Amino acid sequence: MAVLPEERAPEGLSVVIPVLNERDNLEALHDGLVTVLDSLERPSEVIYVDDGSNDGSSEWLVALAERDSRARVVRLARSFGQTAALSAGIDHARHDVVVTMDADLQNDPKDIPRLLEELADGADVVSGWRRERHDAFWSRRFPSWLANALAARLTGLGLHDFGCSLKAYRRHLFDSFRLYGEMHRFVPAYCAWAGGRVVEVEVAHHPRRAGRSKYGIGRTGKVLLDLLTLKLLLDFGSRPIHLFGAVGVGSCIMGCIAGAVTLIQRWHDPTAFVHRNPLILLAVFLFLLGVQVVMLGLLAEIGIRTYHEARGAPPYVVARVHGTTPGPQEVETTSSARVADGGAA
């Protein structure tokens, strides 16, 4: 359950940490966090989201929450993945600033003050950049470099390290979207879509001391698919017919061209059999494919409109409203309220 805005303390800090079988790292992690948070002298909390751990992490975290009032534990019913765990932690955050990080001690809590300084300078999202990574090259660093280069190209953000979990956010940005699947890597892109200012700072990266990594080269394909999903949602999330329509109409045009070439060949050679010409099959296939893609775009339009209507949220994000003159809807509401008050009197 999300925490209501009025329950969040102003200028506070919520540190959200997904945990999956990191028992041997938790004590050192929390000690480092306590040292940093004490030096900040601001209201703070640490939200550990247990994503279905079975190595004793759950029991240790529950005991921690009982002895440290600043620590809170959100235990998920099973392992839902890092994106869902982050979403759960952010929903339970009570402060205006949210910092996310991993529980494997590869992120350094000492970098948190630097992220907060960038937020104080006007940034809405501060993303960490692990410039000097201590991971295997072929299984971790090379796939990550490839995915980051493609993500920077598609999103236009230009970040060097989308995969770094150490990030700081203005809490209100998460009111504009929800996270699904494995899209936690691209939260800065969502925040930029919602109008947030995104900056990047270099952060430390340490070798893993205990436990096993949950990432490998096998996740590269999933990241590429997530990138395609992200591009579709950000660029065509409210107008899918523009994408499907362009592809469909283009396919129909190519089908017509192939059919025209077939007729021209038949005109110049009356003895040629059209049904033996592979171009006629290509023409029929492309034209029918184009029609189907356009119809798919129309269905996507209906789905998108139903989605926005069901949410009751507009397809835009308001940054600020200047002036005190009420709009027509506000005037009508106020007048109705006065009539109701008069009738009651």
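Values below: all heavy atoms of this structure, side chains included; hydrogens, waters and symmetry mates excluded. This one's a predicted model, so the numbers in the text were calculated from it and none came from an experiment.
For the residue pair D55/S57, the side-chain donor-acceptor check at 3.5 Å is satisfied. In summary, the side chains of D104 and H206 do not present any donor paired with an acceptor at a separation below 3.5 Å, with no hydrogens or angles considered. A side-chain N or O of Q106 and one of H205 form a donor-acceptor pair less than 3.5 Å apart. At a cut-off of 3.5 Å, with distance as the only test, a side-chain donor of H160 or E200 sits close to an acceptor on the other residue. Side-chain polar atoms of H95 and S14 form no donor-acceptor pair below 3.5 angstrom. S144 and R133 form a side-chain donor-acceptor contact under 3.5 Å, judged by distance and modelled atom types alone.
Counting only heavy atoms from C-beta outward, the side chains of Y190 and L173 never approach each other to under 4.5 Å. Between R75 and V62, the closest side-chain pair of non-hydrogen atoms falls below 4.5 Å. A 4.5 Å side-chain heavy-atom check between D68 and V34 finds at least one atom pair inside the cut-off.
Within the 3.5 Å criterion, the main-chain N or O of A204 finds no donor-acceptor partner in the side chain of D108. A donor-acceptor pair is defined here as one N or O able to donate and one able to accept, closer than 3.5 Å; such a pair exists between the side chain of T83 and the backbone of H184. In terms of modelled atom types and a separation under 3.5 Å, the side chain of R185 and the main chain of C164 share no donor-acceptor contact. In terms of modelled atom types and a separation under 3.5 Å, the side chain of E202 and the main chain of R131 share no donor-acceptor contact. Counting only distance, with no hydrogens or angles, the side chain of S251 and the backbone of L286 share a donor-acceptor pair below 3.5 Å. Side-chain N or O atoms of T35 include one that pairs as donor or acceptor with a backbone N or O of D31 at under 3.5 Å.
Between E45 and R70 there is no salt bridge, since no side-chain N of the basic residue sits under 4.0 Å from a carboxylate O of the acidic one. Under the 4.0 Å criterion applied to side-chain N and carboxylate O atoms, R171 and D96 are not assigned as salt-bridge partners. A salt bridge links E22 to R208: one of the charged nitrogens lies within less than 4.0 Å of a carboxylate oxygen.
In the hydrophobic clustering of this structure, V49 does not group with I17; members are Ile, Leu, Val, Met, Phe, Trp, Tyr whose side-chain heavy atoms approach within less than 4.5 Å, directly or through other members. Clustering ILVMFWY residues whenever any of their side-chain heavy atoms sit less than 4.5 angstrom apart, transitively, puts L86 in a cluster other than the one holding Y48. Under a hydrophobic clustering in which Ile, Leu, Val, Met, Phe, Trp and Tyr are joined whenever their side-chain heavy atoms come within less than 4.5 Å, directly or via other members, F162 and V198 fall into the same cluster. Cluster annotation: L115 and M101 are assigned to the same hydrophobic cluster (Ile/Leu/Val/Met/Phe/Trp/Tyr, side-chain heavy-atom contacts under 4.5 Å, transitive).
Both tests do not hold together for R114 against W129: distance to the six-membered ring centre under 6.0 Å, angle to the ring axis within 45°.
Under the 4.5 angstrom side-chain criterion for Ile, Leu, Val, Met, Phe, Trp and Tyr, the cluster partners of L288 are V284.
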